[in-house]
Number of protein chains: 2
Amino acid sequence: MTTTLTEENYLKAIYHLSQKKESGVSTNAIAQKIDAKASSVTDMLKKLAEKNLLTYIKYKGVTLTEKGRLTAVDIIRKHRLWEVFLVDKLNFSWDEVHDVAEQLEHIKSQKLINELDAFLDFPTHDPHGDPIPDKEGQIKRTNKIVLSKAELNETYTCVGVLDSSSEFLKYLDKHDIKIGSELWIKEKEEFDQSLTIQIRDKVMTMSKAITSNIYVKKS
Amino acid sequence: MTTTLTEENYLKAIYHLSQKKESGVSTNAIAQKIDAKASSVTDMLKKLAEKNLLTYIKYKGVTLTEKGRLTAVDIIRKHRLWEVFLVDKLNFSWDEVHDVAEQLEHIKSQKLINELDAFLDFPTHDPHGDPIPDKEGQIKRTNKIVLSKAELNETYTCVGVLDSSSEFLKYLDKHDIKIGSELWIKEKEEFDQSLTIQIRDKVMTMSKAITSNIYVKKS
DNA sequence: ATTATTTTTTAGATAAGTCTAAAAATAAAA
DNA sequence: TTTTATTTTTAGACTTATCTAAAAAATAAT
Ligand SMILES: [Mn+2]
Ligand SMILES: [Mn+2]
Ligand SMILES: [Mn+2]
Ligand SMILES: [Mn+2]
């Protein structure tokens with residue numbers, strides 16, 4: 001079976017949306033993510049259903065089939081491996097990799113991706129802390145929480161980000177927060193839910209908008 | 001300016017064809033190379049002329065403009081750098097790289113290609129001995145000849161191949177002929193223009209079909 | 001210089017992916 | 001439970017890149 005670049009982008013979008021929601025993914029949600037009109041999405045959903053990549057019931061949302069899920073996860077695997085390549089080997093910073101990886105993820109060659117995986121020494125996570133699916137489409141989920149849910153007086157390790165937009169990543173760079181950074185929760189302000197945190201020698205206060213986009217786990 | 005994948009493939013085909021011929025490149029020649037019908041080619045030529053990538057005069061062939069030439073050469077630069085990457089870093093053999101490079105050459109990122117170039121230590125030639133254009137679109141031409149024009153009793157170094165099809169490259173692999181191999185011309189058979197050649201300890205006879213596809217220069 | 005052959009262009013059609021505008025179905029509100 | 005608002009689908013049109021079939025121009029042959 002052969003999938004076009006466009007089909008792959010739809011499958012990936014649907015996969016990511018289905019991670020957040022339990023029920024079927026809605027046409028509008030896909031349209032927003034793909035940046036297309038709902039009518040275009042409807043057309044594509046019919047096409048993908050025809051190819052047995054998802055189940056589509058008019059007016060109810062869609063759900064990926066196992067075949068569709070595997071296809072989506074394979075694209076995500078490629079995306080994340082390329083991101084590792086760009087950061088580890090080509091001196092890209094973590095806020096520069098996404099757009100290029102969006103292109104590279106569609107390159108079709110099984111050997112290429114297997115060799116790349118080996119060349120990178122079989123990484124388990126991408127530069128943003130997201131897990132890299134294995135060859136069989138398995139994803140190892142870690143028990144991370146968002147920083148905003150952290151407990152007072154505890155120490156956490158930064159393991160990832162929820163928002164991986166260039167703007168947010170640059171904010172983290174500016175304050176020297178990276179994956180692996182140790183964060184000690186010094187104070188919790190109930191009024192606006194801001195946190196005062198010690199990172200190495202520095203102490204800083206972060207708003208809820210920031211803390212709800214950083215993943216941590218207890219050190 | 002932005003070029004589509006299809007446009008890039010046309011420009012590349014026209015560039016390569018124009019290397020062989022002095023005059024304008026014909027519609028039919030392009031059609032054959034691109035594997036499309038002449039009518040499709042005519043349509044595309046109008047489009048590329050509109051974008052000032054080539055000059056098109058009905059019924060006369062086409063010629064690339066400087067802008068078109070630079071675009072074509074940039075694609076070729078990317079193609080050949082990726083081929084080096086695949087062979088040097090990902091354990092591809094020289095007969096496996098072309099199809100993947102055909103995809104990778106269309107990835108759009110100036111930083112990506114500059115960093116790749118540096119990562120590969122600024123290679124000057126691809127795995128088939130073809131020169132890699134520099135950032136400014138300059139190509140260093142070497143004074144190579146085809147093996148079939150070699151002189152009796154002289155020693156040559158293999159510097160490239162004319163036919164870089166997988167079949168031909170596998171033939172060369174089988175006989176342990178690679179770029180850098182030293183070839184001594186032991187005998188020239190006038191009747192069928194076959195050559196008897198010594199490669200290291202081995203002696204073998206090659207037909208004109210073979211020798212006219214190997215580039216050499218005097219050692 | 002005509003006639004015949006080949007090459008190239010035009011005309012009209014098709015498929016993929018997108019859009020706008022309008023209709024139909026579902027969900028929310030009164 | 002009607003009415004209203006939102007979501008989704010359908011209908012028809014557009015763009016890019018392709019095709020086939022036919023017309024026109026350029027070459028080659030008689
Ligand atoms: Mn990404
Ligand atoms: Mn990522
Ligand atoms: Mn190649
Ligand atoms: Mn090559």
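All chains are named by letter (A, B, ...) in the order of the sequence lines, taking the proteins before the strands, and each is independently numbered beginning at 1. A quick note: this is a predicted structure, and the numbers were derived from the prediction, not measured.
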Could you check how far [atom1] of [X] sits from [atom2] of [N], rounded to whole Å?
| X | N | atom1 | atom2 | answer |
| --- | --- | --- | --- | --- |
| B/Ile57 | C/dT8 | CD1 | C1' | 14 Å |
| A/Glu7 | C/dA15 | CD | P | 16 Å |
| B/Leu5 | D/dT16 | CG | C1' | 13 Å |
| A/Gln32 | D/dT7 | CD | P | 11 Å |
| A/Glu50 | C/dA15 | CD | C1' | 15 Å |
| A/Lys60 | D/dT8 | NZ | P | 11 Å |

If the cut-off is 4.0 Å, is [X] near the phosphate of [N], judged by side-chain N/O to OP1 or OP2?
| X | N | value |
| --- | --- | --- |
| B/Lys58 | C/dT10 | yes |
| B/Lys46 | C/dT10 | yes |
| A/Asn28 | D/dT6 | no |

For this session: Report yes or no: do B/His106 and B/Asn9 form a side-chain donor-acceptor pair below 3.5 Å?
Result: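 Result is yes, a qualifying pair exists.
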For this session: Please determine, by modelled atom types, if A/Asn28 and A/Ser26 share a side-chain donor-acceptor pair under 3.5 angstrom.
Result: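 Distance-only check fails for A/Asn28 and A/Ser26.
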Exercise. When you look at B/Glu8 and B/Thr3, which way does the side chain to side chain donor-acceptor pair (under 3.5 Å) test go after all the steps?
Worked result: CA-CA 6 Å; B/Glu8 289 178 354; B/Thr3 46; 2.9 Å; yes
Exercise. What's the spacing between B/Leu112 CG and A/Phe92 CZ if we round to 0.5 Å?
Worked result: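 Between atom CG of B/Leu112 and atom CZ of A/Phe92 there are 5.0 Å.
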Exercise. Rounded to the nearest 0.5 Å, how far apart are CD of B/Gln193 and NZ of B/Lys149?
Worked result: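 Here the interatomic distance stands at 10.0 Å.
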Problem set entry | A/Phe85 six-ring face occupied by B/Lys89 cation (under 6.0 Å, within 45°) |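 Pair B/Lys89/A/Phe85 does not count as cation-pi.
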Exercise. Can you give one letter per nucleotide of nucleotides 18-25 of chain D, going 5' to 3': B for a protein heavy atom under 4.0 Å from the base, S for sugar-phosphate only, - for none?
Worked result: BBB---BS
